[in-house]
Amino acid sequence: MEWSRFTEITRIAYFSMEIGLSQEIPTYSGGLGILAGDTIKSAADLNVPLVAVTLASRKGYFEQTIDSHGYQHEQPVSWDIASQMERLPVRVSVPIEGRAVVVQAWLYRTKSPAGGVVPVLFLDTDLEENTPEDRAITDVLYGGDQRYRLKQEIVLGVGGVRLLSAMGFRIFQFHMNEGHAALLTLELLNKTRNLSAATWTETLAMDRESVARRCVFTTHTPVPAGHDRFPYPLVAEVLGDTLLPFEELRELAGHEDLNMTTLALNLSRFVNGVAKKHGQVSQAMFPGYEIHAITNGIHPLTWASPYMVALFNDFIQGWAVQPELLVRIDLVPDLQVWEAHQGAKAYLAQYIKEVTGQKLELDVLTIGFARRVATYKRNDLIFHDLERLLALGEGKLQLIFSGKSHPHDEEGKRLIQRIHEMINTLEGRITVIYLPNYNMDVAYRLIPGVDVWLNTPTRPLEASGTSGMKAALNGVPNFSVLDGWWIEGHIEGVTGWSIGAAPTELHADESSRDEDALDLYNKLEYVIMPLYYQQRQAWIQVMKNAIGKNAYYFNTHVMMRRYVTEAYLQR
Ligand SMILES: *Cc1c(COP(=O)(O)O)cnc(C)c1O
């Protein structure tokens with residue numbers, strides 16, 4: 001096997017606990033991983049010299065089934081890693097509980113239709129040399145307890161750097177996509193003390209500043225509880241002080257716990273949030289650090305329905321490698337945009353018929369809502385006042401939901417149950433559909449096939465959100481609380497519609513539920529439904545604006561160019 005063509009040039013190493021490239025490689029749970037996959041694909045399209053590092057996650061995240069009580073159950077995902085990528089012969093070891101745990105990698109080549117290739121390394125501990133317990137470290141994404149998570153993060157951060165080095169990669173920037181990979185900084189510091197191993201550094205003495213000069217950190221979570229923390233007694237047992245004396249670790253990673261975010265913040269030259277607003281919220285969370293903002297995106301060719309791909313190919317040649325060209329969407333006749341959309345809707349209707357047996361009417365306004373099911377996302381907000389919903393929507397609305405809850409999130413699971421209750425409660429009056437096991441395949445069918453994409457999180461807890469960008473690309477306007485990317489993409493009545501007040505707060509505001517629901521109903525009844533049913537031409541203009549004023553900009557090509565110029569190449 002030949003990987004030398006990848007090591008000939010100096011690269012950016014992109015570390016992510018999860019990467020979602022396709023449903024055939026189910027090593028992701030949701031937005032963070034799919035963003036990573038889309039980033040890698042755009043890097044390949046743009047010939048950005050990147051190498052990505054993640055975990056093999058041989059049992060994936062989980063597969064969701066829902067029982068007759070609307071309750072979620074979880075099964076391991078079975079997939080065959082060997083059928084998707086090739087095993088590399090290189091082996092390194094990492095210190096875990098005093099053992100030398102062996103780590104090997106699988107190589108996947110992400111190929112762009114434009115010719116670029118980005119190698120992705122999937123780290124794996126399922127090797128004969130390891131104990132049965134150690135073999136399972138790279139099994140379940142976000143599974144197990146804190147000890148299991150810490151072991152995974154040692155494999156990712158420390159194992160990843162060691163593997164890149166052993167393979168001969170020369171890395172000029174390490175990008176941590178979320179804090180999970182922050183232990184890589186310790187290995188870089190460790191290298192400074194082990195000069196003979198510092199093959200890739202021009203400056204052999206890598207002190208904190210030299211490490212920071214090489215590191216970029218993207219934070220994704222505006223919820224303090226969402227940041228990984230490990231108690232030092234656990235760190236002492238699992239990692240020990242082989243990489244760094246504890247005194248120094250405490251200085252860098254926090255005095256109470258090992259806080260992965262603090263560690264990454266202290267050892268990165270460039271730190272960013274994933275939307276303008278999220279940058280400000282993160283700045284308030286981490287005073288004393290300079291936090292930039294680079295808004296997330298989606299990979300256009302991955303997320304456009306086959307109907308839109310055909311349409312764009314006909315009218316906007318080159319759009320897939322240069323999605324900025326979608327700004328020219330007004331070249332396309334209205335009727336063709338409408339027909340492409342109705343094609344995607346019919347395709348979704350067929351899928352729904354197969355999965356739930358329900359019938360989706362093609363001429364009834366259909367609202368889609370799919371994302372992780374968690375309290376702050378308020379997935380059930382549209383059911384806040386059933387009388388009002390029925391009064392405005394009976395016979396004139398269809399609602400489609402999808403989404404998983406984290407296995408330990410009982411409140412989230414109750415939300416899934418509540419939405420399932422609505423299927424029966426509203427039957428015959430408003431069709432409610434729940435598509436089980438939300439994943440990339442489901443998203444690919446669902447998002448382009450609905451007429452409006454709804455999002456109702458508690459502000460300001462949606463860091464960016466990306467499903468709304470997938471909707472916009474397919475001519476599906478957003479109807480959303482002003483949070484995350486939508487603050488930047490929203491022009492009222494032009495690209496879509498807002499729900500609730502203007503975004504001012506920097507901390508969670510749970511009090512707006514009644515107000516937000518009222519605004520949601522009013523806009524549906526007085527603005528959105530009349531436009532859809534009575535002013536089709538004006539409606540199609542909003543669809544086009546979603547493409548020409550949202551999708552042309554909110555994509556990973558634009559995002560990648562920003563990372564290159566604002567983060568990787570900045571000095
Ligand atoms: C795009 C996508 C997400 C992320 O969407 P958000 O709007 O950020 O919640 C999550 N899961 C799947 C399967 C997706 O395709």
Side-chain angles (χ1 to χ4, degrees), residues 16 18-39 41-42 60-64 77 141-142 177-178 218 220-223 226 273-275 277-278 295-305 348 351 368-379 400-406 412 415 434-450 452-458 460-474 476 478-490 496 550-551 554-556 559:
S16 185
E18 48 169 309
I19 292 182
L21 287 158
S22 74
Q23 197 47 43
E24 281 67 56
I25 305 176
T27 59
Y28 69 93
S29 88
L32 181 73
I34 294 167
L35 173 79
D38 284 6
T39 299
K41 290 175 200 169
S42 280
Y61 179 50
F62 69 85
E63 215 166 274
Q64 177 194 56
V77 185
L141 180 63
Y142 306 132
N177 186 42
E178 193 49 290
T218 302
H220 290 261
T221 320
V223 191
V274 290
K277 177 71 176 184
H278 178 238
T295 304
N296 281 165
I298 54 148
H299 184 254
L301 191 57
T302 300
W303 292 108
S305 76
L348 172 62
Y351 179 67
F369 188 113
R371 46 189 50 80
R372 183 154 58 86
V373 188
T375 316
Y376 83 85
K377 300 250 187 191
R378 303 191 303 188
N379 309 56
I400 312 180
F401 292 85
S402 193
K404 296 172 177 174
S405 279
H406 186 277
L415 266 178
Y434 203 103
L435 289 172
N437 200 35
Y438 188 44
N439 61 28
M440 287 180 77
D441 277 353
V442 175
Y444 180 73
R445 290 170 167 80
L446 169 62
I447 300 172
V450 300
V452 172
W453 193 247
L454 181 67
N455 194 14
T456 52
T458 305
L461 299 182
E462 184 85 317
S464 165
T466 52
S467 58
M469 302 174 188
K470 300 169 192 166
L473 175 68
N474 286 286
V476 175
N478 280 263
F479 179 31
S480 169
V481 162
L482 284 168
D483 202 9
W485 82 279
W486 187 231
I487 299 173
E488 295 159 57
H490 161 260
N550 284 163
F554 295 97
N555 57 70
T556 38
M559 184 199 81

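Sequential numbering from 1 along the given sequence is applied to the chain's residues. Indexing begins at 1, ligand by ligand and atom by atom, following the structure's order.
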Original post:
Within the structure, does Ser29 bring an N/O atom to less than 3.5 angstrom of an N/O atom in ligand 1?
Top reply: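 The answer is no, given that Ser29 and ligand 1 share no N or O pair closer than 3.5 Å.
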
Need the ligand 1 atom indices (1-based, order shown) with element for anything under 4.0 Å from a heavy-atom of [X].
| X | result |
| --- | --- |
| Ala443 | 15 (O) |
| Asn439 | 13 (C) |
| Met440 | 13 (C) |

What is the nearest protein non-hydrogen atom to [atom], stated with its residue, atom name and distance?
| atom | value |
| --- | --- |
| atom 11 (N) of ligand 1 | Tyr438 CE2, 3.4 Å |
| atom 15 (O) of ligand 1 | Lys470 NZ, 2.6 Å |
| atom 10 (C) of ligand 1 | Gly31 N, 3.5 Å |
| atom 9 (O) of ligand 1 | Arg371 CB, 3.4 Å |

**OP:** Return the orientation label for the Phe401 and Tyr434 ring planes: parallel under 30°, perpendicular over 60°, tilted otherwise.
**Re:**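 Aromatic pair Phe401/Tyr434 classed parallel.
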
Using a 4.0 Å heavy-atom cut-off, which part of [X] comes near ligand 1: side chain, backbone, both, or neither?
| X | value |
| --- | --- |
| Arg372 | neither |
| Val442 | neither |
| Ser467 | both |
| Trp303 | side chain |
| Ile34 | side chain |

Original post:
Got a sec, which residues hit side chain to side chain donor-acceptor pair (under 3.5 Å) with Asp483, two or more places apart in sequence or on another chain?
Top reply: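 Asp483 satisfies side chain to side chain donor-acceptor pair (under 3.5 Å) with no other residue.
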
**OP:** Please report the closest heavy-atom contact between Val476 and Ile447, naming both atoms and the distance.
**Re:**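 Scanning both residues completely, I find the closest heavy atoms to be CG2-O, 3.6 Å.
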
